[in-house]
Enquirer: 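Please find one structure pasted underneath; my questions will follow.
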Amino acid sequence: MKPANVTPRGFLRLLLPAAVLAIAVGTWEIYIRAAAVPPYILPAPSLILRTMVADWPLLSASLLTTLKTTLLGLILAVVGGVALAVLLSLSRIVEYSLYPFAVVLQVTPVIAIAPLLLIYMPQDAAVLACAWLVAFFPILSNTMLGLHSVDRNLLELFELYGTSPLQTPWTRFRARLRALWILRRPAALPAFLTGLRIAGGLSLIGAVVAEMAAGSAGAGSGLAYRIIESQYRLNIPRLFAALVLLALTGVIVFLLLSAFAHFLLRRWHESALAREA
């Protein structure tokens, strides 16, 4: 059997997007040259590439700043979201008390929160908090969905075999922890990984929004700040170069998280199993 990554279907999944992208970029380049569009209105892809190479020391430092904020925000969201989801799944009282506040944080636009955070917190902490805020809820909600998606018959059977006439509150709590580890954990993994892929992109969005708010105030060093700076200076080629780097960063983060999810699920979950030819 041939590996899945060399099948005609897998080859087409790589070839078709690359072909469409090449056609779009080529059409863009031809139009700029044919219409003689000034670079301060719309730069050609070749000029954007040259600008990226020429300004790479400045852009790479800003890229590292944005990437650091994105990854730290995602890590904090994973730790906090999973921990809170486990806590809420163990206690209905805690769930009814705390979950509405998580919903409030999610539905409040981060663009409205960022200026307030920049007032009350140091700039780096405020940008990190924005990245964490928008990535936190997908992790929490998807992990809770997975923890609650266990077959009720399995849970009841598990509780039946663990029941004894001398149960105490501590033994009941231990039984819940065993059910959490043995039954709920595998059921929650696919949903958690889905939330992780969503949260990766949202963490980058939160970091960019906060950096733009900081850049409007004249502070910042990330890629979003370079976009604001280039806009003010009418350096449109650098603006597009920073946009391209942001887009590539988002794509790479999504692909890495998708590969991580496939690695964990490839041997047992239907969504990752190879289809028969």
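Every heavy atom of this structure was used, including side-chain atoms; hydrogens, water molecules and symmetry mates were not.
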Enquirer: Check for a donor-acceptor pair, side chain of W132 on one end and backbone N or O of I75 on the other, with a separation under 3.5 Å.
Expert: no

Enquirer: Got R197 and P138 here, is their nearest side-chain heavy-atom distance under 4.5 Å?
Expert: no

Enquirer: Using atom types as modelled and distance alone, determine if a side-chain donor or acceptor of T143 lies under 3.5 Å from a backbone N or O of L140.
Expert: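 No, because the side chain of T143 does not come within donor-acceptor range (under 3.5 Å) of the backbone of L140.
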
Enquirer: Report yes if some heavy atom in the side chain of F137 is under 4.5 Å from a heavy atom in the side chain of V103; otherwise report no.
Expert: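 A side-chain contact under 4.5 Å exists here.
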
Enquirer: Quick one: pull up CD in E95 and CG in L87 and give me the separation to the nearest 0.5 Å.
Expert: 10.0 Å

Enquirer: Kindly give the heavy-atom pair with the smallest separation between A213 and A114, and that separation in Å.
Expert: CB-CB, 4.0 Å

Enquirer: So, do I48 and W28 sit near enough that their side-chain heavy atoms are less than 4.5 Å apart?
Expert: yes

Enquirer: Looking at every heavy atom in both I227 and A242, which two are closest together, and how far apart are they?
Expert: CG1-CB, 3.7 Å

Enquirer: How long is the gap from CG on D55 to CZ on R226, to the nearest 0.5 Å?
Expert: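 Between D55 CG and R226 CZ, I get 10.0 Å after rounding to 0.5 Å.
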
Enquirer: Using side-chain heavy atoms (C-beta onward) and a distance below 4.5 Å, is R33 in contact with S46?
Expert: yes

Enquirer: Which value, rounded to the nearest 0.5 Å, describes the distance between H262 atom NE2 and L193 atom CG?
Expert: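 Taking NE2 in H262 and CG in L193, the distance rounds to 12.0 Å.
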
Enquirer: Any chain of hydrophobic side-chain contacts (each under 4.5 Å) joining L63 to L246?
Expert: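 Linked within one cluster.
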
Enquirer: Using every non-hydrogen atom in the two residues, find where A102 and F136 come nearest and quote the distance to one decimal.
Expert: CB-CE2, 4.3 Å

Enquirer: Pair L76, L128 - check side-chain contact (heavy atoms from CB on, under 4.5 Å), show working.
Expert: CA-CA 9 Å; L76 292 177; L128 180 59; 4.0 Å; yes

Enquirer: Which atoms form the tightest heavy-atom contact between M144 and L88, and what is the distance?
Expert: SD-CD1, 3.5 Å

Enquirer: Less than 4.5 Å apart, side chain to side chain, heavy atoms only: is that true for L239 and N235?
Expert: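 Side chain of L239 against side chain of N235, heavy atoms only: no contact under 4.5 Å found.
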
Enquirer: L58 versus R238: any side-chain heavy-atom pair under 4.5 Å?
Expert: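 Yes; the side chains approach each other to less than 4.5 Å.
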
Enquirer: Report yes if the side chains of R50 and L47 come closer than 4.5 Å at any heavy-atom pair, otherwise no.
Expert: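 The answer is yes; the side chains approach within 4.5 Å.
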
Enquirer: Would a hydrophobic clustering, with Ile, Leu, Val, Met, Phe, Trp and Tyr connected at side-chain separations under 4.5 Å, put I228 with Y40?
Expert: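 In one cluster: yes.
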
Enquirer: Rounded to the nearest 0.5 Å, what's the gap from CD on E29 to OG1 on T27? Could you check?
Expert: 10.5 Å

Enquirer: Hey, any chance L243 and V208 share a hydrophobic cluster, counting ILVMFWY side chains that come within less than 4.5 Å of each other, even indirectly?
Expert: yes

Enquirer: If hydrophobic clusters are built from ILVMFWY residues whose side chains come within less than 4.5 Å, do I113 and V107 share one?
Expert: yes

Enquirer: Under the side-chain contact (heavy atoms from CB on, under 4.5 Å) rule, what do F260 and L196 come out as? Steps first, then yes or no, please.
Expert: CA-CA 10 Å; F260 177 67; L196 182 64; 4.1 Å; yes

Enquirer: Is there a chain of hydrophobic side chains (I, L, V, M, F, W, Y, each step under 4.5 Å between heavy atoms) that links V82 to L72?
Expert: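 Result: no, two separate clusters.
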
Enquirer: Any heavy-atom pair between the side chains of F192 and V78 that's under 4.5 Å?
Expert: yes

Enquirer: Under 6.0 Å from the CZ atom of F254, do we count more than 12 heavy atoms belonging to anything else shown?
Expert: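 Open.
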
Enquirer: Over all heavy atoms of both residues, which pair between L74 and G200 is shortest? Give the atoms and the distance, please.
Expert: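 Nearest pair, atom of L74 first, then G200: CD1-N, 3.9 Å.
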
Enquirer: State whether the number of non-hydrogen atoms from other residues, nucleotides or ligands found under 6.0 Å of L16 atom CG is greater than 12.
Expert: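 Counting other residues, nucleotides and ligands, CG of L16 exceeds 12 neighbours.
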
Enquirer: Applying the side chain to side chain contact (heavy atoms under 4.5 Å, CB included) criterion to C130, which one of L117, T69, I111 satisfies it?
Expert: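 Going through L117, T69, I111 one by one, the side chain to side chain contact (heavy atoms under 4.5 Å, CB included) with C130 is satisfied by L117 alone.
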
Enquirer: Whether the side chain of S203 engages the backbone of A199 through a donor-acceptor N/O pair (distance < 3.5 Å, no angle test) should be reported.
Expert: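 No; zero donor-acceptor contacts below 3.5 Å.
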
Enquirer: To the nearest 0.5 Å, how far apart are OG1 in T249 and CG in L67?
Expert: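 So the gap between those two atoms works out to 6.0 Å.
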
Enquirer: Starting at CE of M52, measure out to CG of L59 and round the result to the nearest 0.5 Å.
Expert: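 So the gap between those two atoms works out to 7.5 Å.
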
Enquirer: Work out which heavy atom in P39 is nearest to a heavy atom in P237; give both atom names and the distance.
Expert: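 Between these two residues, the closest heavy atoms are O-CD, 4.1 Å.
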
Enquirer: Under 3.5 Å, is there a donor-acceptor pair between the side chain of T66 and the main chain of L223?
Expert: yes

